[in-house]
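Working notes for the structure below.
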Amino acid sequence: MKRLLTGFLLALACSVQAQRSNYNSQANWQRFSLQSDHATPARGDTSLVFVSNRFIHPDSLRFVDEFIDTSSLKFFFLEKQNGTWKVFQEPTLREAMQHLPHHRDIVVYAEGMGKIFTNNVERAQLMRAQYGVNVVMFDYASINSTYKPSKNFKFARQNAKLSAGQYRQLLGMIKAAREAGEPWTEGVSISTFYHSMGNIILEQMMKGDVANEFAADGKPYVDNLIINAACVPMKRHARWVEKIHFAKHIYIHYNKRDLQLKGAHLLTMKRQLGEKVTRRQRAANAHYVNFLEVARWQHSYFMNFPYNEYRLNPAMVAYFGRLFNGQGVTAGELTALQASAPAATVSN
């Protein structure tokens, strides 16, 4: 176990180093340009929406900070032109969303530890490109490039907890938009995806008094809610998961070989939800999907990353494609998934 913890801390150190040498480099930040208030997007196909609670420094090259601002949310529309990301700050979510391509399903994406702004842009763009969806990234500070690994672990967990109230505001905005029939919500599915420590945001929010707050006329307004490789305690998770009434379907993905979650288990002395789930502790309103064999020791097994040799098999790509495009997965379809990828086992 000591060797495993050492390996985990080394992985954290490598993550911090990656932020310093790649995503946080001057050359990489020069690929991002914060536009003036009067600039108008061209509405190209390569575009994203970011909802961020970071501090903003308009006159700095690194104009998005590594600390959170719990007093306000910022809304950005990003589009890529000739290798440069143009970043437009918008006053509201509605004004940011109206620039995205119409009639595309939407994924509201909350990432885990180790992501500065530029890193989150890359991940959001990969999801957009691989699954053909509009991505709304909830962007919070989950690493500080000057901190040591152990401090960053605590920093990321605390920031995820502190961000829960603002994420709740974002969901409230989406709920209101759907109730009002705003054009960007019509004819599309909206799903929410939480990866790793991003699930701390959901857990913290649901432990508050929100059991029925987000149900629109008693009907769910989120199609699929996906809890992926969750870096939150497995024990008693059903208590807060069963409070989720605003989503039609809930999927919980786990993998007991997940190396990063094993490290989190050792640091917190608690089994993580994304590791292994005992049958007697499962939430009655969720589907549980075991990616043990197909994911091996991987932690981010929902997309293909250019710097990782690991690749999703076709059944996994099809499965995540259905989830991100808001399609329900019936018991029969879950059985078909198991048959098409024998290494992945699925249960309700």
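Hydrogens, waters and symmetry mates play no part in the numbers below; they use all other heavy atoms, side chains included.
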Contact summary for [X] and [Y], nearest pair of heavy atoms:
X    : Y    : result
F75  : A96  : CB-CB, 4.4 Å
Q169 : L73  : OE1-CD1, 3.9 Å
N24  : S145 : ND2-OG, 3.4 Å
H103 : E186 : ND1-O, 4.4 Å
K207 : K243 : O-NZ, 4.3 Å

Roughly how far apart are [X] [atom1] and [Y] [atom2], rounded to 0.5 Å?
X    : Y    : atom1 : atom2 : result
K248 : K219 : NZ    : NZ    : 9.5 Å
D105 : Q327 : CG    : CD    : 8.0 Å
S33  : L78  : OG    : CG    : 10.5 Å
L170 : S52  : CG    : OG    : 11.5 Å
Q298 : E309 : CD    : CD    : 10.0 Å

Ignoring hydrogens and geometry, is there a side-chain-to-backbone donor-acceptor pair from [X] to [Y] under 3.5 Å?
X    : Y    : answer
E66  : I116 : no
S189 : N325 : yes
N134 : P101 : yes
R94  : P91  : no
E242 : R239 : no
N159 : A141 : yes
N304 : L312 : yes
E79  : A42  : yes
N255 : R296 : yes

Practice item. Could you give me the CA-CA distance, side-chain angles and deciding distance for R54 and D69, then say whether salt bridge (Lys or Arg N to Asp or Glu O under 4.0 Å) is met? Key: CA-CA 5 Å; R54 300 176 190 259; D69 173 13; over 6 Å; no

Exercise for review: Could you walk me through whether E111 and K115 pass the salt bridge (Lys or Arg N to Asp or Glu O under 4.0 Å) test, one step at a time?
Suggested key: CA-CA 8 Å; E111 251 293 345; K115 312 301 182 299; 3.5 Å; yes

Review point. Given Q30 and L61, is the side-chain contact (heavy atoms from CB on, under 4.5 Å) satisfied, shown in steps?
Key: CA-CA 7 Å; Q30 286 174 340; L61 174 66; 4.0 Å; yes

Find out whether [X] and [Y] are in side-chain contact, i.e. whether some heavy atom of one side chain is under 4.5 Å from a heavy atom of the other.
X    : Y    : answer
H265 : K270 : no
M137 : L48  : no
V289 : I252 : no
V87  : Q35  : no
W184 : Q98  : no
D139 : V64  : yes
H102 : P183 : no
T118 : F32  : yes

Review point. Does the pair S72 and K74 meet the rule for a side-chain hydrogen bond (donor to acceptor under 3.5 Å, both in side chains), with working shown?
Key: CA-CA 7 Å; S72 66; K74 293 86 178 177; 3.3 Å; yes

Practice item. Verify the ring-centre separation between F55 and F67: is it less than 6.0 angstrom? Key: no

Point to revise | By ring-ring contact (aromatic ring centres under 6.0 Å, His included) - contacts of Y301 (at least two apart) | key: F291

Check your understanding: Partners of Y194 by ring-ring contact (aromatic ring centres under 6.0 Å, His included), sequence neighbours excluded?
Key -> Y167

Practice item. Sort out for me which residue in Y131, F324, Y251, F138 forms a ring-ring contact (aromatic ring centres under 6.0 Å, His included) with F193. Key: F324

Check your understanding: Can you list the steps and then say if Y23 with F117 is a ring-ring contact (aromatic ring centres under 6.0 Å, His included)?
Key -> CA-CA 9 Å; Y23 296 109; F117 178 81; over 10 Å; no

**Study point:** Test ring-ring contact (aromatic ring centres under 6.0 Å, His included) applied to H57 and F63, step by step
**Key:** CA-CA 5 Å; H57 306 288; F63 56 86; 9.8 Å; no

Exercise for review: Start with the C-alpha gap between F88 and F76, add the side-chain angles, then the distance that decides, and say whether ring-ring contact (aromatic ring centres under 6.0 Å, His included) holds.
Suggested key: CA-CA 5 Å; F88 302 83; F76 298 99; over 10 Å; no

Say whether [X] and [Y], considering side chains only, have a donor N or O and an acceptor N or O under 3.5 Å apart.
X    : Y    : answer
T92  : E95  : yes
T146 : N144 : yes
D258 : W297 : no
H249 : N224 : no

Review point. Would M113 and M269 show up in the same hydrophobic cluster when neighbours are defined by side-chain heavy atoms closer than 4.5 Å?
Key: no

Exercise for review: Go through the steps to decide whether T185 and E182 satisfy the test side-chain hydrogen bond (donor to acceptor under 3.5 Å, both in side chains), and finish with yes or no.
Suggested key: CA-CA 6 Å; T185 69; E182 292 185 12; over 6 Å; no

Practice item. Just do the ring-ring contact (aromatic ring centres under 6.0 Å, His included) check on H245 and Y221 with the steps written out, would you? Key: CA-CA 9 Å; H245 303 304; Y221 74 97; over 10 Å; no

**Study point:** Lys/Arg N to Asp/Glu carboxylate O, D223 vs R178, below 4.0 Å
**Key:** yes

When the side chains of residues 229-238 are checked against the rest of the protein, which donor-acceptor pairs come out under 3.5 Å, sequence neighbours left out?
| unit_1 | atom_1 | unit_2 | atom_2 | d |
| --- | --- | --- | --- | --- |
| H237 | ND1 | M234 | O | 2.7 |
| H237 | NE2 | Y288 | OH | 2.7 |

Exercise for review: Describe, in one word, how the ring planes of H99 and F77 are oriented to each other, choosing from parallel (under 30°), tilted (30 to 60°) and perpendicular (over 60°).
Suggested key: tilted

**Study point:** Evaluation steps, side-chain contact (heavy atoms from CB on, under 4.5 Å), between I106 and V136
**Key:** CA-CA 7 Å; I106 298 166; V136 178; 4.0 Å; yes

**Study point:** Step-by-step side-chain contact (heavy atoms from CB on, under 4.5 Å) determination, N22 to N28
**Key:** CA-CA 7 Å; N22 296 317; N28 196 40; over 6 Å; no

Review point. Does K151 count as lying over the ring of F155, i.e. NZ or CZ under 6.0 Å from the six-ring centre, within 45 degrees of the axis?
Key: no

Check your understanding: Does the side-chain contact (heavy atoms from CB on, under 4.5 Å) test come out yes or no for H195 and F302, once each step is laid out?
Key -> CA-CA 9 Å; H195 177 60; F302 57 96; 3.5 Å; yes

